Amino acid sequence: MADRYDPHALEPKWRARWDAGGLDRVHDDDERPPYYALTMFPYPSGELHTGHWYIIAPSDTAARFRRMQGHNVLFPIGFDAFGLPAENAAIERGVDPKEWTYGNIDRMRQQLRMMGASFDWEREIVTCDPDYYRWTQWWFLKLYERGLAYRAEAAANWCPGCRTVLANEQVLDGLCERSDDPVERRFLTQWFFRITDYAEELLDFDGLDWPEPVTTMQRNWIGRSEGATLRFPVDVEGVDEPLPVFTTRPDTVYGATFMVLAPEHELVERITTGDQRETVEAYVAATSRVTEVERLSTEREKTGVFTGAYAINPFNGERIPIWIADYVLVTYGTGAIMAVPAHDERDFAFARDHGLDVVPVFDHCDIDVSEPLEAAFTEGGAMINSGPFDGTPADEAIPAVVGHAEAEGFGMGAVTYRLRDWLISRQRYWGTPIPMIHCDTCGVVPVPESDLPVVLPDDVHFEPTGQSPLTQIEEWVNVDCPQCSATARRETDTLDTFMCSSWYQMRYVDPHNPERPFSAETMRQWLPVDLYTGGAEHAVMHLLYTRFFWKAARDMGIVEGDEPMKRLFNQGVILGPDGNRMSKSRGNVVAPDDLVERHGADAFRCQLMFIGPWDQGGPYNPSGMPGIVRWLNRLWSVATEPPPDAGDGSGSRELVAATQRTIRDVTSDLEGFRFNTAIARLMELTTTLARARESGGVDTATWERSVETLILLVAPLAPHIAEELWERRGGAFSVHQQDWPAFDESLVVEETVEIVVQVNGKVRDRVTLPVDASEDDALARALASERVANWVEGKEPRRVIYVPGKLLNIVV
RNA sequence: GCCGAAGUGGCGGAAUUGGCAGACGCGACGGUCUCAAACACCGUUGGGCGUUAAGCCCGUGCCGGUUCGAGUCCGGCCUUCGGCACCA
């Protein structure tokens, strides 16, 4: 008897040999067609958890599968190494962020290697390495040169817990995405990227193979609204320019009975009348104290106050009051609205609460518009109370009104987006320094490219101040102005870490290039990414930013093509055995290292892939492990112990067909990332082989070919055991460099087929027929069956449905 | 409230285009081997009726529809999970 399957001995052995043999090294001059498979790189939090395994192990299987299919596959890994946890560790425990981060990376690198993933470690990138962030800074300068980076004062989202501002995308329900602290508004001068310049193009997902939920979320996030900007003259001395408002319903303009400005609107101060000043100022002050969470609540009563001023509706010359209310947001549209209570629910609620007029300007088949309205209605038949437009049907109303506004010069068609520019400043230390210098005479001056990188200083004092710790390092901050050489100061904010990950996929193609982020040749060879795998939680952050980055780079002539990732696949979320998110407080965390120690990496990889569809995620329960372990043991057994006697060949044909069917099914399953069913099919073939060995009848050559095929099909899923068995059977190093088995349809063709016989749609019997049997033959055979005859009871078939190869249904 | 995904045995899940519901695995039960075990091996395992048996009936969240035939298609609900939410 051959020795037993011992993953603990063979897994480290093979990883060492793969390393020594450079098996996973990717070469640019390889002649096979290139294929770029990218999996989202981890943050070096300290430990590899089950979630990491769930993202990476199946991604590795997909990459290995592609390789065996004849592609030169780039499958790189690195670490998204800047970020708050390192700095928080510094503040809380006094450890150095750099040491903490690199210590974690060392540990996680070891854990990743244990997985047996086919990463080319020579291409590893770490975003906090100066060799990497030098190029992050370079990108900043390029964006600045192109006018896509700018500095502005704005109401920013301030997270008191993280002590920094956040991008809009990092605020969920008014709470910080990281720390769940309620976000505050602070007016600060910050750096932004003009992602809104690309809003329209970012809505176009043509030709992208991306999951529909992600494209939907991005579309919603960008939030394109079509409508018009209308300008209302303001009836206040000294305010000559009209007040612009954006509306999606210009056709309701005759129903505008008041205007509302956001409390932060710059006009508020100028138009407020003396007797209203106190009220308005109190309201503005109160608004600034309301948290974003409260302000965003739709449940809340709509508060607001009158400014005392009036605007003129340019369509009918009516004087309407101007109010301020915090349900109008200063950051959207023009920060001001015309309120049409009859046809907008929010305006209706406000009018009702504050006793303002409601004038319907559309009729409605179910509503008597001569009576006071009980609620706003948004769909109407034709315009009323609208002067010359009365009678215009709803579907012609908008173009008619906008056309009039354009002709008269008080408005025009307009498109507005919900998307805001990307705020990239962070008041934190552990990030990429923004390569800018503030000079009293020259203003804001970029650091010359030749001076990059601007290296993050060591030995920093961490105090929770709300300013970047960099501000306190005088010798770092003080610098000569590159233009006038006068003493100037460095920018002390650092870059949002999403900037590091917006271009990392580009660096992998040429990771050691000291001259530029990557060469044009490697860019053309590898980019864009063919397959990107990772979590859907990045749908409107990372994945939107990286698309913006790519398009900007394209417009600078640095990359070619319109999109950075052709195909995106989101795996689901892996949960604890109790069906909840794994967390220490719940005590449902499954540690991968324990499972690998007990059963080996192959077993753990396979179990994660076996539990269900990859995109579905779901509970992970180690109790399923025995099934996988039993399978691997059986695989070991059939591969190392052939049948005791040479068979006579009577069972060969069936084994060949079963093997071929497995090739066919596993190939299509792996193409569609259906790892669970692929493993099920491989288990079946393993069992088939074990049974065939038991019963004899399979000739030696057929047996050997079938076992060999099975090992090849297993290789992408369980790389270590496949390699060991391949070697033991005399295969050349390495199993992972073999060709994927080809499916031969002619070997599975059967002469006879079993078809189901139904009577009135219910299965009553099964008969075996030649594959090419005619309907008449099939019917004759079916009626000959006693069981069928009992149900037909001599009645004449009213109708017969025959699906060749599948079923025969007799309707009586 | 709006958008999206999903509801199938005790459990995880299978089921090209409508065509044998429950593949594969866990667990459970029974057995084999063993002094005893095991990550070893064999068998049974949706529910009900049927003494055994042949067999029959019911069964994919709920109600209705289309069809010779529905887990799959259509209409209406219910539940769960994700996402968005005063965006004019």
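Predicted model, so just to flag it, every value in this text is computed and none were measured. Protein chains get the first letters and strands the later ones, always in sequence-line order, with residue 1 at the start of each.
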Reckon [X] has a side-chain N or O less than 4.0 Å from the OP1 or OP2 of [N]?
| X | N | result |
| --- | --- | --- |
| A:R764 | B:C56 | yes |
| A:R418 | B:A85 | yes |
| A:N676 | B:A14 | yes |
| A:T677 | B:C24 | no |
| A:K762 | B:C58 | yes |

- Distance-only, no hydrogens or angles: does the A:T334 side chain make a donor-acceptor pair with backbone N or O of A:P244 under 3.5 Å? yes
- Item | A:H265 side-chain N/O to A:V330 backbone N/O, donor-acceptor pair under 3.5 Å | no
- Query: Want to settle it: does A:R799 or A:R766 sit nearer the 5' end of RNA chain B, counting the closest nucleotide to each?
  - Reply: A:R766
- Earlier contact from the 5' end, RNA chain B, for A:E684 and A:P613: A:P613
- 4.5 Å side-chain heavy-atom contact, A:I195 and A:L544: yes
- Note on the structure: On a heavy-atom basis, the closest approach of A:A782 and A:V788 is O-CB, 3.3 Å
Enumerate the protein-to-nucleotides 10-12 of chain B contacts in which both atoms are nitrogen or oxygen and the separation is below 3.5 Å.
unit_1	atom_1	unit_2	atom_2	d
B:G12	O2'	A:I611	O	2.6

Grab the [atom1]-[atom2] distance between [X] and [N] for me, whole Å please.
| X | N | atom1 | atom2 | result |
| --- | --- | --- | --- | --- |
| A:F205 | B:G4 | CZ | P | 16 Å |
| A:D578 | B:C81 | CG | P | 14 Å |
| A:D615 | B:G4 | CG | P | 18 Å |
| A:E212 | B:G4 | CD | C1' | 7 Å |
| A:M217 | B:G82 | CE | C1' | 8 Å |
| A:K302 | B:A88 | NZ | P | 14 Å |
| A:M683 | B:A14 | CE | C1' | 13 Å |

- Message: Working note: A:W422 + A:F498, criterion ring pair (Phe, Tyr, Trp, His ring centres under 6.0 Å); need CA distance, chi angles, decisive distance, verdict.
- Response: CA-CA 10 Å; A:W422 174 15; A:F498 277 114; 7.5 Å; no
- Task: Identify whether the distance between the nearest side-chain nitrogen and carboxylate oxygen of A:R681 and A:E684 falls below 4.0 Å.
- Result: yes
- Message: Strictly below 4.0 Å, N to O, side chains only: are A:R661 and A:E654 in salt-bridge contact?
- Response: yes
If I pick the [atom1] atom on [M] and the same atom on [N], what distance separates them, to the nearest angstrom?
| N | M | atom1 | answer |
| --- | --- | --- | --- |
| B:G25 | B:U45 | P | 15 Å |
| B:G12 | B:G7 | P | 12 Å |
| B:A28 | B:U80 | C1' | 28 Å |
| B:C74 | B:U66 | C1' | 7 Å |
| B:A15 | B:G9 | C1' | 15 Å |
| B:U72 | B:G82 | P | 26 Å |

- Quick one: which of A:L685, A:L713, A:L710, A:V748 gives a side chain to side chain contact (heavy atoms under 4.5 Å, CB included) with A:T659? A:L685
- Message: Given the structure, check if the side chain of A:Q616 and the base of B:G13 hold any donor-acceptor pair shorter than 3.5 Å.
- Response: no
Are any protein N/O atoms closer than 3.5 Å to N/O atoms in nucleotides 39-43 of chain B? If there are, list each pair with its distance.
unit_1	atom_1	unit_2	atom_2	d
B:A40	OP2	A:R630	NH1	3.3

- When you measure from the centre of the six-membered ring of A:W221, is the NZ or CZ of A:R418 under 6.0 Å away and within 45° of the axis? yes
- Item | Interatomic distance, A:D665 atom CG to A:R674 atom CZ [nearest 0.5 angstrom] | 9.5 Å
